[in-house]
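Quick notes on the structure that follows.
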Amino acid sequence: MRKLTTLMIAAMIAAAGSSAALAAEYTKGKVKKVDMKAGKVTIIHEELTSLDMPAMTMVFRTADPAMLEKMKPGDDIEFVADRVKGKLTVTELK
């Protein structure tokens, strides 16, 4: 009985973790500048609740360099940002 309870708790924890990963929180922003050479984009964004940051203008790296080709100054975007190796990074883009 103890093993069954332990397995059930482990399964619930795993399920909760995987559903949180699926629920990426997109933030609205406007592209201010794209720096292809540096691999960075400047975005005027709304509050990044997942990173506990207020609305502001910030420079981000991108998880995939191809994302930079999809953006140009003035574009309205929705994106997910996270810290990757200590650097603020756009990990998903709509």
Side-chain angles (χ1 to χ4, degrees):
M1 184 69 174
R2 183 176 250 167
K3 284 184 180 181
L4 180 61
T5 303
T6 303
L7 286 173
M8 289 178 64
I9 291 171
M12 287 189 294
I13 291 170
S18 65
S19 65
L22 294 176
E25 183 178 334
Y26 282 85
T27 301
K28 292 181 181 179
K30 183 178 282 285
V31 177
K32 184 173 180 180
K33 178 182 175 184
V34 178
D35 187 339
M36 298 292 282
K37 186 175 179 181
K40 298 178 181 179
V41 60
T42 304
I43 302 173
I44 303 165
H45 63 80
E46 294 181 349
E47 180 181 11
L48 291 168
T49 54
S50 63
L51 295 173
D52 196 28
M53 292 185 174
M56 66 176 86
T57 302
M58 295 178 60
V59 177
F60 295 87
R61 295 182 181 276
T62 56
D64 179 1
M67 287 182 186
L68 293 171
E69 297 172 3
K70 296 178 183 178
M71 295 185 270
K72 65 181 183 303
D75 282 353
D76 289 318
I77 60 170
E78 290 185 42
F79 67 102
V80 176
D82 201 358
R83 290 190 190 276
V84 178
K85 297 181 182 177
K87 306 289 185 186
L88 292 172
T89 305
V90 173
T91 57
E92 295 182 45
L93 182 65
K94 279 189 184 180

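Just so we're clear, the structure is a prediction, and the values are computed from it rather than from any experiment.
Taking every heavy atom of both residues into account, Ser50 and Ala81 meet most closely at OG-O, 3.9 Å. The two residues Glu46 and Thr27 have their closest heavy-atom pair at O-CG2, 3.6 Å.
For Asp75, the side chain to side chain donor-acceptor pair (under 3.5 Å) partners at least two apart in sequence or on another chain are Lys72. The side chain to side chain donor-acceptor pair (under 3.5 Å) test applied to Asp52 returns no partner, not counting sequence neighbours.
Leu51 and Leu93 fall within the same hydrophobic cluster, defined by Ile, Leu, Val, Met, Phe, Trp and Tyr side-chain heavy atoms under 4.5 Å apart, directly or through other members.
Residues Val80 make up the rest of the hydrophobic cluster containing Tyr26, defined by ILVMFWY side-chain heavy atoms closer than 4.5 Å, directly or through other members.
Residue pairs meeting the salt bridge (charged side-chain N to carboxylate O under 4.0 Å, His left out) criterion with at least one partner in residues 76-86, sequence neighbours excluded, are Lys30-Asp76, Glu78-Lys94.
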Side-chain donor-acceptor distances from residues 32-44 under 3.5 Å, at least two apart:
residue : atom : partner : partner atom : Å
Asp35   : OD1  : Lys37   : N            : 3.3
Asp35   : OD1  : Ala38   : N            : 3.0

Residues 56-70 side chain polar contacts: donor-acceptor under 3.5 Å, at least two apart:
residue : atom : partner : partner atom : Å
Thr62   : OG1  : Asp64   : O            : 3.2
Asp64   : OD1  : Ala66   : N            : 3.1

